[in-house]
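To start, the structure under review is shown below, and the notes come after it.
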Amino acid sequence: MQYKAPRGTQDILPGDSERWQWLERTFREVCALYGYQEIRTPIFEQTELFQRGLGEATEVVTKEMYTFEDRGGRSLTLKPEGTAPAIRAYLENHLGGPGQVTRLYYITPIFRYERPQAGRYRQAHQTGLELIGSGSPEADAEVIDLTLRWYRQLGIQQLTLKVNTLGMRDCRTRYREALLDYARPLLRDLSDEERVRFESNPLRMLDSKDPRVQAAMAEAPTLEAFLEAESQEHFERLLEILGTLGAEFEVDRRLVRGLDYYTKTVFEVQSPDLGAQNALCGGGRYDNLIQEIGGPPTPATGVAMGIERALLALEAAGALPETAAPADAFAIVLTKSPEAERWLADWRSRGLRLLTDPERRSAKSQFRQADKSGAPFAVTIGDEELERGSAKVKQLSTGEEREVAPEAVVEHIRSALEA
RNA sequence: GCGGCAGUAGCUCAGGGGUUAGAGCGCCUGACUGUGGCUCAGGAGGCCGUGGGUUCAAAUCCCAUCUGCCGCCCCA
């Protein structure tokens, strides 16, 4: 085997691709229930959009982007997430304005240069939502509600919704400093790598898996003490609505997201079936992002959901749907007569999904193929049938076979399928 | 980016220095002249991930590399 798919990428093969279609179709249907409309943005953007949008110091920007220069000397980046491009398109095309609420959804590949693992790829796929123009907790709740509805619709039972608030920019800045002050003695004992990581984003120390850090952070100041009244009220109201919706959730004070643009609400849905990469989706409010990338101050909230992870969770739970047969019938063609081809064409015109053996092998072989294909019916056309002016329609599950006039074949199969 | 485990037929895997590398499943053909599933018989299919080294001899031992997986980091 000479060529392989690049590291961290994968082919989505027949059988699997139907599951992807089902999952995407379900997502579109759920989005429609809330009036979200699809947006499709380019696969790459100006590098600066992500640097400004996600934050210069974030992991994604510093070490995970696929950045390249095109022949015109422009720096471009394969999109590592969907929000910044969606917002860029929203601004560029004037999809909303002051006082207007805009609802967008997307389904897109994303690219991150990471070490691959189950549930983590260099090309991954996300579905996502952006609710732009509302700063209310009701908006956050709508996004969470839609997300959970999708998972429920897919049949993912085991999941945990975690929510937290990060407050607004000012309180976060003050809290960061307080955390750093508190942790300074601890930082001296850590490796260079950890120190750099924590200094650039002290909130990470809160959910670190390093036991030394965990122990040291037990007595750390909490964000709650710094939270401004507005953020506090926003969060309380959100929790109240989530309760009303009947959503089960946990407040996780250590939930920190990796992108700088989040303000106030952050949330994550986790699956116990996914191992280390257990986040099914992540989202939250980003009231500063739009201004950050050159738009007017506009509040917004959204979520990004991993398609591969949803499929992995379904697979682990044994809840993946069976893939359907690719055809309604398999035509057993035992003649060279052009009349047979006309029959096939006519049946397809009437909407019959019909498979054939282009090699026109023996009857036995064609029947074997028919069986293997999963098509419920085999329709035989040979010289005998052409002479009599009828086809033999066989139901493969029962073995029952009857002669049917060619113009009645499709109706015959259709009514048998519905029965 | 760090630590660990693993790559042999389409798939799951055995073989762990000594002739032409195996099994099960799958695939193709036949027994059955035009009827699938079951059975039986036959067949196709392998640079043993790749490159280098040790050795009289390497799928097997060593090194490097690539890819996957587990954990960390991070996140979808």
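Proteins come first, then strands; the chains are lettered A, B, ... in the order of their sequence lines, and each starts at number 1.
The listed nucleotides are A76(B), C73(B), G36(B); the one nearest the side chain of Leu396(A) is G36(B). Among the nucleotides G37(B), C72(B), C74(B), the one closest to any side-chain atom of Arg204(A) is C74(B). Distances from the side chain of Phe367(A) to the nucleotides C28(B), A76(B), U35(B) place U35(B) closest. Side chain of Ala304(A), nearest nucleotide from A76(B), C74(B), C72(B): A76(B). Residue Gln126(A) has its side chain nearest to A76(B) when only G68(B), U35(B), A76(B) are considered. Candidate nucleotides C28(B), G1(B), G68(B) were compared by shortest atom distance to the side chain of Lys372(A), and C28(B) ranks first. Considering only the side chain of Ala363(A), U35(B) comes nearest among U35(B), C75(B), G68(B). Comparing atom distances between the Arg112(A) side chain and each of G71(B), C73(B), A76(B) picks out A76(B) as nearest. Proximity note for Arg120(A) (side chain, C-beta onward) versus G1(B), G68(B), U35(B): the nearest is G1(B). When each of U35(B), G71(B), C28(B) is scored by its nearest atom to the side-chain atoms of Arg361(A), the top-ranked nucleotide is C28(B).
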Candidate pair Phe27(A) and Leu154(A), rule side-chain contact (heavy atoms from CB on, under 4.5 Å), full reasoning
CA-CA 9 Å; Phe27(A) 180 66; Leu154(A) 292 177; over 6 Å; no
Verify side chain to side chain donor-acceptor pair (under 3.5 Å) between Glu177(A) and Thr173(A), making sure each step is shown before the conclusion.
CA-CA 6 Å; Glu177(A) 277 159 21; Thr173(A) 308; over 6 Å; no
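Contact annotation: Arg197(A) reaches the phosphate of C74(B) (side-chain N/O to OP1 or OP2, under 4.0 Å). Between Gln117(A) and G71(B) there is a side-chain N or O to OP1 or OP2 distance below 4.0 Å. Close to C32(B), at under 4.0 Å from its OP1 or OP2, lies no side-chain N or O of Lys364(A). The side chain of Arg7(A) contributes an N or O atom lying less than 4.0 Å from OP1 or OP2 of G68(B). For G34(B), neither phosphate oxygen OP1 nor OP2 lies less than 4.0 angstrom from any side-chain nitrogen or oxygen of Ser362(A).
Counting distance only, with no hydrogens placed and no angle test, the side-chain atoms of Gln366(A) and the base atoms of U35(B) include no donor-acceptor pair under 3.5 Å. A donor-acceptor contact under 3.5 angstrom links the side-chain atoms of Lys394(A) to the base of G36(B). With hydrogens and angles ignored, a donor-acceptor pair under 3.5 angstrom links the side chain of Glu385(A) to the base of G34(B). Applying the 3.5 Å distance criterion, the base of C75(B) shares no donor-acceptor pair with the side chain of Arg115(A). With hydrogens and angles left out, the side chain of Glu114(A) and the base of A76(B) share a donor-acceptor pair within 3.5 Å. Counting atom types as modelled, Arg368(A) pairs no side-chain N or O with a base atom of C28(B) as donor and acceptor under 3.5 Å. Contact annotation: side chain of Lys4(A) to base of U67(B), donor-acceptor pair absent below 3.5 Å.
The base-pairing partner of C28(B), taking Watson-Crick or G-U wobble contacts with both distances under 3.5 Å, is G42(B). When Watson-Crick and G-U wobble pairs are counted only if both distances are under 3.5 Å, G17(B) pairs with no nucleotide at all. Across all strands shown, G71(B) pairs with C2(B); the Watson-Crick or G-U wobble distances both stay below 3.5 Å. Base pairing of A59(B) is not made with any nucleotide, judged by Watson-Crick or G-U wobble geometry with both donor-acceptor distances under 3.5 Å. If you check G7(B) for Watson-Crick or wobble pairing at under 3.5 angstrom, you find it paired to C66(B).
Atom CZ of Arg402(A) is surrounded by 12 or fewer heavy atoms from other residues, nucleotides or ligands within 6.0 Å. Atom CD of Glu29(A) has more than 12 neighbouring heavy atoms from other residues, nucleotides or ligands inside a 6.0 Å radius.
Annotation: of the two residues near RNA chain B, Gly306(A) and Thr9(A), the 5′-most nearest-nucleotide partner is Thr9(A). Each of Gly119(A) and Tyr113(A) was assigned the nucleotide of RNA chain B with the nearest heavy atom; the assignment lying further toward the 5' end belongs to Tyr113(A).
Nucleotides G30(B) and C66(B) have their C1' atoms positioned 44 Å apart, rounded to a whole Å. Straight-line distance between the P atoms of C69(B) and A58(B): roughly 33 Å, to the nearest whole Å. Comparing G26(B) with U35(B), their C1' atoms are spaced 23 Å from each other, to the whole Å. Atom P of C25(B) sits at a distance of 41 Å from the matching atom of A64(B), rounded to the whole Å. To the nearest whole angstrom, the two C1' atoms, one in G18(B) and one in C72(B), are 44 Å apart.
Between the CZ atom of Phe198(A) and the P atom of C72(B) there is a distance of 14 Å, given to the nearest Å. Rounded to a whole Å, the CD atom of Glu384(A) is 12 Å from the C1' atom of U33(B). Between the CD atom of Gln123(A) and the P atom of G68(B) there is a distance of 13 Å, given to the nearest Å.
Glycosidic conformation, G52(B): anti, with the torsion outside 90° of 0.
Between the side chain of Arg176(A) and the backbone N or O of Pro202(A) there is no donor-acceptor pair closer than 3.5 Å. Judged purely by atom type and a 3.5 angstrom limit, Trp347(A) uses its side chain to pair as donor or acceptor with the backbone of Pro406(A). Listed for the Arg348(A) side chain is a donor-acceptor partner under 3.5 Å among the backbone atoms of Leu354(A).
Proximity of the aromatic rings of Phe226(A) and Tyr175(A) is defined here by a centroid distance below 6.0 angstrom, and this criterion is met.
Nucleic acid contact for Ser397(A): base, since at least one base atom lies under 4.0 Å from a heavy atom of the residue.
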